[in-house]
Amino acid sequence: MSEQVLPWRPEGLRCEFRTDPLGIGTRRPFLQWRLPPAAGDARQAAFQLRAAASVGELGSAEGAWQSEWVESAALNARWPGRAPSSRERTFWSVRARTPAGEASEWSGPAFWEMGLLERSDWSASWVRRPDAAQRSPDRAPYALRRCFHLEAVPGMARLYASALGVYELYLNGERVSDALLRPGWTDYRRRVQYEALDVGSHLRLGENVLLALVAPGWYSGRIATRAEPGSSQPVRTPELLVQLELTAGDGSRSVVPTDERWEWAPSAIESSDLYDGEVWDLRRTFPFGQTASLRWSAVDVGTGTAGELVAHRAGPLRAVGTAKAKVTAQADGTVLVDSGANDTGYLRLKVREDAGRQVDVVYGEILEPTGRLYRGNLRGARCADSFTCAGGGVETLVPAFSYRGYRYAEVHGLSSPERLVGAEAVTISSEMERTGHFSSSERLLEQLHELMVCSLRANYVDVPTDCPQRDERMGWMADALLFAPVAAYTYDISAFMSKWFDDILDARTPAGGFPDVAPRPSSMWPGPSFLAGAPAWADAGVLIPWLMFERYGNSEPLERMYPAMVEWLRLVHDANPDGIWRNGRGNDYGDWVPAGPDTSHDLFSTCWLYRSSSVGAKVAHLLGDKEGESWLRERSEAVRAAFVGQYVDPRTGRVADERKASSSIAASHFAPIVGEETQTGYVLPLVFEMLDDATTAKAGQRLADLVTSAGKRLETGFSGSAFLLSALDKAGHPGLAYDLLLRTEPPSLGFMVKMGATSVWERWDGLDKDGWPACPTMNSFNHYAMSSMLLWLVEGVCGLRPAPDVPGLTKAAFRPAISRQVADVHFAFEAPAGHLEVGWAWDGEHAVVGRLSVPPGMECAVAGAVPVDDVVGAAVASAGDGTPLGEQVVGAGDHEVVWRIP
Ligand code: BGC
């Protein structure tokens, strides 16, 4: 083999989805890289890794460990070397070899540092305010501090921190990180995350003060127990765990751990809750650098948690944007603040008020047609902050440990509207890299995409939540499952989901079933069978890990989740030996909040059982579990056969439950009629490929007829809507899919835009045509589920169609569905392999120019013929002289194709 003949090197090195991360918790981290644009259409046939304890050693052949060449086109690997120990830092680099045997140069260095892997690495104890000082149920955050002396500034300083509750940390008066609501949301009884931070720059010679504020958050706020507002249920006191490790130049280490030497004091926050907001007495704030004047008391050593202490897997919540808000004085003396968009976060207000005056900031998502703030849909969430002013100048009113979904707020209690001197909206979200951007001269399509992006950001709040405003904000699994495919075209959600998979494992039922929500709140949800996950909800435990494998190429989550997948599938199959999923459906939501008749729950559930069983078989195959694979293949085939036998008439393609399903929670609340033939009843078997070719064609036509006879109107709920456009496209009716996508009459996403929405509604009928909200008990205006259908915007309209079952999106087809209703579209995407672009534009009446840009390491099959509205294969790729080209497979580079309509 020749050595280093290629003048390029891999780039974009990441470990566990982050650049040079600290605090890694797995001994076989997932490593990724890219081939640079300079690699052109070179492909990687093999790679080699190098590692060392320092950058210097990494560069020398003697000092570094080197792997064998690994034959693989994948631009990623699980760390194959020696298992690293706690705190160990590994510098690494990678080089690639092409099929011709030429090697690239070595990449530049990257590193990762391990966290604390063993419980014995922790000398810190959990500490907390003594119980006697508790003012339950006020949920009052409090301060903790430790003063310590430094004779010399250490060479390296690491702060490992966690809490039962949420915290902010300060060293010598400065925040050590801008992360919010750390350590994030887990089921604290089973698992608590810690973070690792480099705090060297905050230390100084002599006296140092390490201070923490702790608050109930997801640990003992109302969200944890689902306690009623004002309930006298005891509130657990938040606890803190901190270990500051200072390493001197000679390698000796000293530690400042939480222990009985810490002290506590009340904070200026009298009460803090995620649902209810905060109550502050600003007269009691103190500069965190000068804490001497406070009355500090001894702490108790806490009880900690029986759960595991684990390293963070995902990026933290952060403030991701600020915008100036519009302020209007109202006739009743209050001030209306409009942040401009229905998003998640809080307002940062500046007031000049008298000492002792109480100012309340009362939030809501929409205004009624009368202009009044609407708060009916917040249910039991107070969603307001109160501040007693200190007076004497401009004061900032901002909550510390609470967020909410809102666009508007009313400010009450000001002595006059002019006292409000500044208003800014702060948007928060989980830290993720934006990867997908859509544009088009058809403004409505851009607006639909913007709506989706807003609801994604607003609801990816440490876990994928259903909504950010009412007393719910839970990690509902079906919502997450249906939306994840489009989310993964918008942000890099790999680390975010990887963390949530642990929450799913922790939320399983004692029998091994997947749940409806993860993390599971510690109280029982109202309802008889919350313990078992419902069809489409529980399925997320199988299907999202598989999606992550397809999109990012990482099989680790599949390994982690596989035993649970099998356990859950066994429960369902054992309860339903004939293949129809009738038993063990938990809360059995069906096709939630449909815009038409409800679909038979037996039929609906059986489709999901087929989907999870067949994907489960693929996972078993990948992981080499032969027995599991053959069982799952046999079961999925049995389910498919039972489904066809029970619901499908192969002669006509009719798919229906002739017996009509029993009513369900969804049916009793929203859609009392259970239809025999419904849109969703066709959509699911079509997209899950449960029918043979001949029946597929007939069923596809029936679906199109059903949509047309409904007035080109969707009648689907969460699940059916997510796949309806793809199903119509598959059935040869992309034109009809465009009609639904571009529709602005209800029910449609376009109607939401027309009504001024900036985020996606939970219900198709969220507002009526006059702007009056539907029933207050379940009507969120920031719920991403219904925008799951925008998957088809990327895959159908823009035509980026990944090859199924291929890890890491390295193979795709470029096959857009063209419409005369749209002039052009463009989608730019950071794929794992690199920057990808697809798009097309009409060139006169008879030609469409398609453009794509493929990164090195990826290949794309450009369609020889594409549909134009409902005419399948109407436009044909042709060379300059008009000769038809057929399908062409292209590699890295910029490509153009002209499809002509003969
Ligand atoms: C949530 C949904 C969720 C559903 C269960 C609702 O309250 O907001 O999005 O999936 O309950 O059906």
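Residue numbers start at 1 and run along the sequence shown. Atoms within a ligand are numbered from 1 in the order they appear, just like the ligands themselves.
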Note: Asp502-Arg191 ion pair, threshold 4.0 Å (strictly below): yes
Ionic contact status for Lys499 with Asp503, cut-off 4.0 Å: yes
Proximal ligand 1 atoms for [X], defined as those under 4.0 Å from one of its heavy atoms:
X: Tyr589; value: 5 (C), 12 (O)
X: Arg470; value: 1 (C), 6 (C), 7 (O), 8 (O)
X: Asp466; value: 1 (C), 8 (O), 9 (O)

Any donor-acceptor N or O pair under 3.5 Å, side chains [X], [Y]:
X: Asp273; Y: Tyr275; result: no
X: Glu365; Y: Asn377; result: yes
X: Glu677; Y: Tyr682; result: yes

Side chain, backbone, both or neither: the part of Glu762 lying under 4.0 Å from ligand 1 by heavy atom: side chain
Shortest reach to atom 6 (C) of ligand 1 by a heavy atom, considering only Arg379, Met786, Glu472: Glu472
Contact check: His783 vs ligand 1, nitrogen or oxygen atoms, below 3.5 angstrom: yes
